[in-house]
Amino acid sequence: NHLKKGSPMVNKSQSKQGRAIKINFEDAKATAFGGLALAERLASRLGLWSHLEKNLPKRRGHYDWLTIIKSCVMGLLTGSRGTYATEDIRRDEAALAIAGLSEAPEEATFWRSLEALGSKEIQHNLNAALLRMSRCILTKAPRRELLMDGFVPVWGDGSLLEGSPHREGTKHIPDKGKGLLWVTLHVGSVLSAQRLAREGEGENTVLRSLLPGVVQEVLKPTRLNKKALLFLDSLHGDGPTLEDVERCGLHFVIGANKLVETQMVLQAQPEIVWESTGADMFRKIEKSGICVCQIQCAGWKKARTLIGRRWMESGTFLYHYSGVLTDLEPSDVRHLMNRKMSYPAAVWHLYSRKMGMEDYYKEPLEDLGLHHPPCQEYARNAGFYAVASLAEVLGRAVDLLGGRRSGRGETMRKDGQPRKRATPLRMRLWRIRRLLFTLPARVISHARTTVIAILGIPDAIQKLFRTYWDNILRC
């Protein structure tokens, strides 16, 4: 029963499970990203590639601009990060064939090209392509999936990206830290405009420069401007921004806590104007209330409506105050007041929805890895984020247009009939990649036809893919 020196100890159950494994290599083109066909088909249907090819200048070198941009967009959608987005996909011949590419640049070439992509001329073309793509998506998307409480939300904000003393454009923002400031403007869940803040620019300045383009190129052509409701935080609650917003003709709900007069005006309101909203013991609030009044700061040409809120915390005897500025009239929120809400309660209800919109940043920052700028130079980072924004919008469009009839926005009532949700469910980009993009496929190209044979996927995924594919073909 004693083992000889050097003899292995073998478990009988393990030896029974042991089997031979053989590995063969075949010449057939295969890829793990057969579902990229959804993104490629939709980009073609939206005219993204043809628009870029027509408007971008000619580039000296082996690769043209369309090849470089398309390689980065498709690489990011497969899960690659930073400047290595093109390096990974260039090794996958089958994925290149699905994207309609014969080759892709290596990482070093893509890094060098980013400086030109950040130039003023090409930035203008890329941002114009983003506006145009956003307009096409919103035109084709079902109106019910764009509305939130009867309005089309337009939301602007800035995100502080990773920064360092060696990264050009790094800013220090009190209470937030150091980093590059990336400012975006969304219409619904669709990113419509973006820009990295330059040296000496703040979020307010950049956002004011983006807003007119979104109004003229996206909202008015789609006839969404009358239904649009702009949400901004208190950083933008000043006279110049309000005048720009009113000049654009948008309804707005904007935080007013930046203004010193907000506290003074609300404290001066008589007790009779305050509507009690009760206690909230979970937040340790003993009593609270809301009111409507007017505010006019020094330098303002007119007074504006201020919706105030006050609350008293348990164990204290002083009120805290907060306010939002709005141009909404009671007639604009009548549908909410019919739910037994007062006018100020309806406005506060709308403003409370802004917090949920901040989740839109999770998709580009987490799913595409955009929280980490890939370069040190501002121009290269600006070029990268302009191209990455096209990837983010294309991924969002696949879900918004491809999944519009898949029933993901429904729940079932007790009688078995579908019940529509107030806000349709969104599928995050990481989930789209997992369920729809990462599908094994064999690719055969002949003449001008590419045949994609998707292999061995479950019936449920096959059904979901067919739903998305059919919807995209109908765009």
Side-chain angles (χ1 to χ4, degrees), residues 123-139 141 146-148 151-161 180-198 201-238 240-255 325 350-351 353-365 368 370 381-382 385-397 400 426:
Q123 281 284 294
H124 174 76
N125 291 326
L126 292 175
N127 290 330
L130 183 62
L131 288 168
R132 181 187 177 278
M133 193 175 179
S134 174
R135 180 175 69 245
C136 293
I137 295 169
L138 294 169
T139 299
L146 302 178
L147 294 176
M148 182 196 73
F151 295 97
V152 177
V154 180
W155 174 68
D157 202 358
S159 178
L160 197 63
L161 310 175
L180 297 185
L181 183 61
W182 188 42
V183 183
T184 61
L185 197 59
H186 286 75
V187 178
S189 61
V190 180
L191 175 61
S192 299
Q194 63 81 37
R195 185 157 69 81
L196 280 178
R198 301 186 183 94
E201 286 186 324
E203 180 183 325
N204 194 302
T205 304
V206 177
L207 193 60
R208 287 170 61 189
S209 70
L210 297 178
L211 185 59
V214 172
V215 173
Q216 295 298 326
E217 300 296 329
V218 179
L219 294 176
K220 287 187 176 180
T222 56
R223 299 180 180 180
L224 295 175
N225 54 313
K226 298 300 182 183
K227 286 281 189 180
L229 180 60
L230 179 64
F231 293 88
L232 298 174
D233 58 29
S234 296
L235 179 65
H236 307 275
D238 53 27
T241 301
L242 293 170
E243 290 178 3
D244 286 352
V245 173
E246 290 168 342
R247 197 176 297 116
C248 291
L250 296 181
H251 289 304
F252 61 87
V253 181
I254 301 176
L325 298 161
L350 289 170
Y351 192 68
R353 303 295 297 274
K354 185 181 77 70
M355 185 178 296
M357 298 175 198
E358 296 178 4
D359 286 342
Y360 296 154
Y361 268 127
K362 292 181 179 179
E363 194 162 84
L365 298 185
L368 293 181
L370 300 191
N381 282 324
Y385 277 83
V387 177
S389 295
L390 296 177
E392 199 280 331
V393 174
L394 182 57
R396 173 90 333 262
L400 187 61
R426 297 171 60 245

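- Annotation: the span from Leu219 atom CG to Leu138 atom CG amounts to 8.0 Å, rounded to 0.5 Å.
- Atom CG of Leu180 is separated from atom CG of Leu160 by 8.0 Å, given to the nearest 0.5 angstrom.
- Every residue two or more places apart in sequence or in another chain that forms a side chain to side chain donor-acceptor pair (under 3.5 Å) with Glu363 is listed here: Arg396.
- Nearest heavy atoms, Leu368 versus Ala388: CD1-O, 4.0 Å.
- Between Ala141 and Leu400, the shortest heavy-atom contact is CB-CD2, 3.9 Å.
- Side-chain contact check for Met133 versus Leu394: some heavy-atom pair is nearer than 4.5 Å.
- Residue pairs satisfying the side-chain hydrogen bond (donor to acceptor under 3.5 Å, both in side chains) criterion with at least one member in residues 183-193, sequence neighbours excluded, are listed as follows: Ser134-Ser192, Thr184-Tyr361.
- In terms of the ring pair (Phe, Tyr, Trp, His ring centres under 6.0 Å) criterion, residue partners of Tyr385 (sequence neighbours excluded) are, by chain and number, Trp182.
- In this structure, Val190 and Val218 have side chains that are not in contact, with every pair of non-hydrogen atoms separated by 4.5 Å or more.
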(request) Apply the test side chain to side chain contact (heavy atoms under 4.5 Å, CB included) to residues Val187 and Val152: give CA-CA distance (whole Å), side-chain angles for both, the deciding distance (0.1 Å), then the verdict. (result) CA-CA 7 Å; Val187 178; Val152 177; 3.9 Å; yes

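- With sequence neighbours left out, Asp233 forms a salt bridge (Lys or Arg N to Asp or Glu O under 4.0 Å) with no residue at all.
- Inter-residue side-chain proximity for Leu207 and Leu232 is flagged as met; some heavy-atom pair is nearer than 4.5 Å.
- Smallest separation of non-hydrogen atoms from Tyr351 and Val253: CD1-CG1, 3.4 Å.
- With sequence neighbours excluded, no residue forms a ring pair (Phe, Tyr, Trp, His ring centres under 6.0 Å) with Phe252.
- Here Asn127 pairs with Gln194 under the side chain to side chain donor-acceptor pair (under 3.5 Å) rule; sequence neighbours left out.
- Applying the salt bridge (Lys or Arg N to Asp or Glu O under 4.0 Å) criterion to Lys227, with sequence neighbours excluded, gives no partner residue.
- Partners of Glu201 by salt bridge (Lys or Arg N to Asp or Glu O under 4.0 Å), not counting sequence neighbours, listed by chain and number: Arg195, Arg198.
- From Ser389, atom OG reaches atom CG of Leu370 across 7.0 Å, with rounding to the nearest 0.5 Å.
- When all heavy atoms are compared, the tightest approach of Ala228 to Val154 is CB-CG2, 3.9 Å.
- Scanning both residues, Ser159 and Leu365, for their nearest heavy atoms gives OG-CD1, 3.3 Å.
- Residues in residues 203-223 take part in these salt bridge (Lys or Arg N to Asp or Glu O under 4.0 Å) pairs, two or more places apart or across chains: Arg135-Glu217, Arg208-Asp244.
- Contact of the Leu250 side chain with the Leu211 side chain is registered, since non-hydrogen atoms from C-beta on lie closer than 4.5 Å.
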(request) Kindly indicate, with the supporting measurements, whether the criterion side chain to side chain contact (heavy atoms under 4.5 Å, CB included) is fulfilled by Asn381 and Leu161. (result) CA-CA 11 Å; Asn381 282 324; Leu161 310 175; over 6 Å; no

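- Scored by the side chain to side chain donor-acceptor pair (under 3.5 Å) test, Glu246 finds Arg304 as partners (sequence neighbours excluded).
- The CG atom of Leu210 sits 11.0 Å away from atom OG1 of Thr205, with the distance rounded to the nearest 0.5 Å.
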(request) Any chance you could lay out the side chain to side chain contact (heavy atoms under 4.5 Å, CB included) test for Phe231 and Met148, step after step, and finish with the verdict? (result) CA-CA 12 Å; Phe231 293 88; Met148 182 196 73; 3.7 Å; yes

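- A search for side chain to side chain donor-acceptor pair (under 3.5 Å) contacts involving His251 returns Asp327, not counting sequence neighbours.
- Side-chain atoms of Glu392 never come within 3.5 Å of backbone atoms of Leu191 as a donor-acceptor pair (strictly under, hydrogens ignored).
- Atoms CG and CG, from Leu230 and Leu185 in turn, are 7.0 Å apart once rounded to the nearest 0.5 Å.
- Side-chain contact between Thr241 and Val245: present, with at least one pair of heavy atoms (C-beta onward) separated by less than 4.5 Å.
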